[in-house]
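Please read the structure below before turning to the comments.
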Amino acid sequence: MTPEEAVAEQERLRPLVRPVADPDLDVRYAAGLDVGYAADDRLAAAVVVLDATTLETVDTAVVLGRAEFPYLPGLFAFRELPPLLRALERLDVTPDLLVCDGQGLAHPRRFGLACHLGVVTGLPSVGVAKTPMGRFDPPGPERGASTDLVDGGEVVGRALRTRAGVKPVFVSVGHLVDLDRACAEVLRLCADFRLPETTRRADALGRRQLE
DNA sequence: GCGACAG
DNA sequence: ATCTTGTCGC
């Protein structure tokens, strides 16, 4: 697939994104997804499903593979989505929410990894990125404080302080949730660290597989 | 035209 | 992404 074809694919799928609250959404199980890379082209796609209340790990899956698409800003999903989908297929517990390592609507074409994963799986999803795709004013220093993440004149997400006095994370909607709910769920998944437990455990799992 | 550009 | 992870202090 060429970068041009990848962009066309994003434009084709973008109308399917539903950035709205599902009134019946009950997040009992939240999945963290992450891909780790070795020095060569090997990668490990990891998914960890947590009980969203107790933060206990209830299921995990890892897939080893090779990078088939280069990292290109705006086309990140075409590198990580294929192995992540393979890992998701190996789960026994179906998650109620996918917590992705990257952007959702906070993307040049409003179709980041979290949107893409949500649409192709049909599952609610949110993006939690470590760096912003847009502008923001620093949120207050207390845990839970947030400000708008703005790009191209629109609010595409939120800078969310998950730990007092620590750099915020950047939350944007993926699919089948609204921004308020997305932030509330992310905050709930952040226990003692800046990043949600979902992401941290998936990252650790993928990294171990590459040793 | 130039710089910036998730992981 | 990867380089050890996260925290504390100037």
Side-chain angles (χ1 to χ4, degrees), chain A residues 3-4 6-7 9-10 13-14 17 19 32-48 62-85 87 98-119 125-136 141 143 149-175 179 182 186 190-211:
Chain A
E4 293 71 26
V7 169
E9 176 80 344
Q10 291 180 326
L13 295 176
R14 178 178 53 184
V17 173
L33 301 88
D34 186 52
V35 178
Y37 298 88
D40 45 40
D41 65 347
R42 288 179 306 123
L43 58 77
V47 185
V48 174
V62 201
V63 157
L64 294 173
R66 296 187 175 279
E68 305 281 349
F69 199 89
Y71 167 69
L72 299 174
L75 298 177
F76 178 48
F78 292 86
R79 183 173 176 82
E80 300 210 339
L81 191 120
L84 286 174
L85 287 178
L98 303 181
V99 180
C100 309
D101 187 39
Q103 320 284 354
L105 291 175
H107 174 276
R109 286 171 294 280
R110 306 290 176 261
F111 198 72
L113 173 66
C115 299
H116 206 144
L117 269 168
V119 165
S125 63
V126 307
V128 179
K130 296 180 284 297
T131 61
M133 275 290 287
R135 305 183 36 157
F136 68 101
R143 167 177 156 91
L149 181 62
V150 180
D151 180 49
E154 34 184 344
V155 175
V156 295
R158 224 168 261 167
L160 176 65
R161 190 89 64 187
T162 56
R163 279 213 81 184
V166 170
K167 176 181 166 178
V169 297
F170 304 91
V171 177
S172 59
V173 164
H175 189 50
L179 191 50
V186 168
C190 293
D192 304 318
F193 302 96
R194 176 191 177 220
L195 294 178
E197 283 304 307
T198 36
T199 301
R200 299 184 74 251
R201 289 183 206 174
D203 178 79
L205 176 58
R207 188 166 313 214
R208 286 200 306 267
Q209 290 297 312
L210 292 171
E211 284 177 354

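The structure displayed is predicted, hence computed values, not measured ones. Chain identifiers are assigned alphabetically (A, B, ...) following the order of the sequence lines, protein sequences preceding nucleic acid strands; residue numbering begins at 1 within each chain. Values below: all heavy atoms of this structure, side chains included; hydrogens, waters and symmetry mates excluded.
- With C1' as the reference atom, B:dG3 and C:dG9 are 35 Å apart, rounded to whole Å.
- A gap of 26 Å separates the P atoms of C:dT7 and B:dC5, to the nearest Å.
- Residue A:E211 contributes atom CD, which lies 12 Å from atom P of C:dT4 at whole-angstrom precision.
- At whole-Å resolution of the value, CG in A:L72 and C1' in C:dA1 are 14 Å apart.
- Atom name P, nucleotides C:dG6 and C:dA1: the rounded distance is 12 Å, in whole Å.
- The environment of A:R135 atom CZ is sparse: at most 12 non-hydrogen atoms of other residues, nucleotides or ligands sit within 6.0 angstrom.
- Considering only side-chain N and O atoms, A:R207 lies under 4.0 angstrom from the phosphate OP1 or OP2 of C:dT2.
- In this structure, A:L75 reaches the bases: a heavy-atom distance under 4.0 Å links it to at least one base atom across the strands shown.
- Within the 4.0 Å cut-off from OP1 or OP2 of B:dC5, not a single side-chain nitrogen or oxygen of A:T131 is found.
- With rounding to the nearest 0.5 Å, the separation of CG in A:L75 from CZ in A:R109 is 5.5 Å.
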- Could you walk me through whether A:T162 and A:L195 pass side-chain contact (heavy atoms from CB on, under 4.5 Å), step by step? CA-CA 7 Å; A:T162 56; A:L195 294 178; over 6 Å; no
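- Taking side-chain N and O atoms only, A:R163 has a distance below 4.0 Å to OP1 or OP2 of C:dT7.
- Checked against B:dA6, B:dG7, C:dT7, the side chain of A:F193 finds its nearest nucleotide in C:dT7.
- Backbone-only contact: A:G36 has heavy atoms under 4.0 Å from sugar-phosphate atoms and none from a base.
- Rounded to an integer number of Å, the gap from A:F78 CZ to B:dA6 P is 16 Å.
- Interatomic distance, CG of A:D192 versus CZ of A:R200, reported as 8.0 Å (0.5 Å rounding).
- Side-chain atoms of A:Q10 do not come within 3.5 Å of backbone N or O of A:R110 as any donor-acceptor pair.
- Between A:D151 atom CG and B:dA6 atom C1' the separation is 12 Å, expressed in whole Å.
- Toward the 5' end of DNA chain C, the nearer of the two residues A:D192 and A:L210, judged by each one's closest nucleotide, is A:L210.
- Following rounding to the nearest Å, A:L43 (CG) and C:dT2 (P) show an atom-to-atom distance of 11 Å.
- Residue A:F170 is classed as having no contact, given no heavy-atom separation below 4.0 Å to the nucleic acid.
- By the criterion of a centre-to-centre distance under 5.5 Å and near-parallel planes under 30°, the ring of A:Y71 forms no stack with the base of C:dA1.
- In this model, the phosphate group of B:dG7 is not approached by any side-chain N or O of A:Y37 to a distance below 4.0 Å at OP1 or OP2.
- No hydrogens or angles considered: nothing links the side chains of A:Y71 and A:E80 as a donor-acceptor pair under 3.5 Å.
- OP1 or OP2 of B:dG7 has at least one side-chain nitrogen or oxygen of A:K130 nearer than 4.0 Å.
- Nucleotide B:dG7 holds its P atom 17 Å from the CZ atom of A:F69, rounded to whole Å.
- When the C1' atom of B:dA6 is taken as reference, atom CD of A:Q103 falls 5 Å away, rounded to whole Å.
- Spacing between C:dC10 and B:dC2 at atom P, rounded to whole Å, works out to 46 Å.
- Residue A:D41 is classed as having no contact, given no heavy-atom separation below 4.0 Å to the nucleic acid.
- The interatomic distance linking A:K167 (NZ) with B:dA6 (P) rounds to 11 Å, in whole Å.
- A:R200 comes within 4.0 angstrom of the backbone, heavy atoms only, and of no base.
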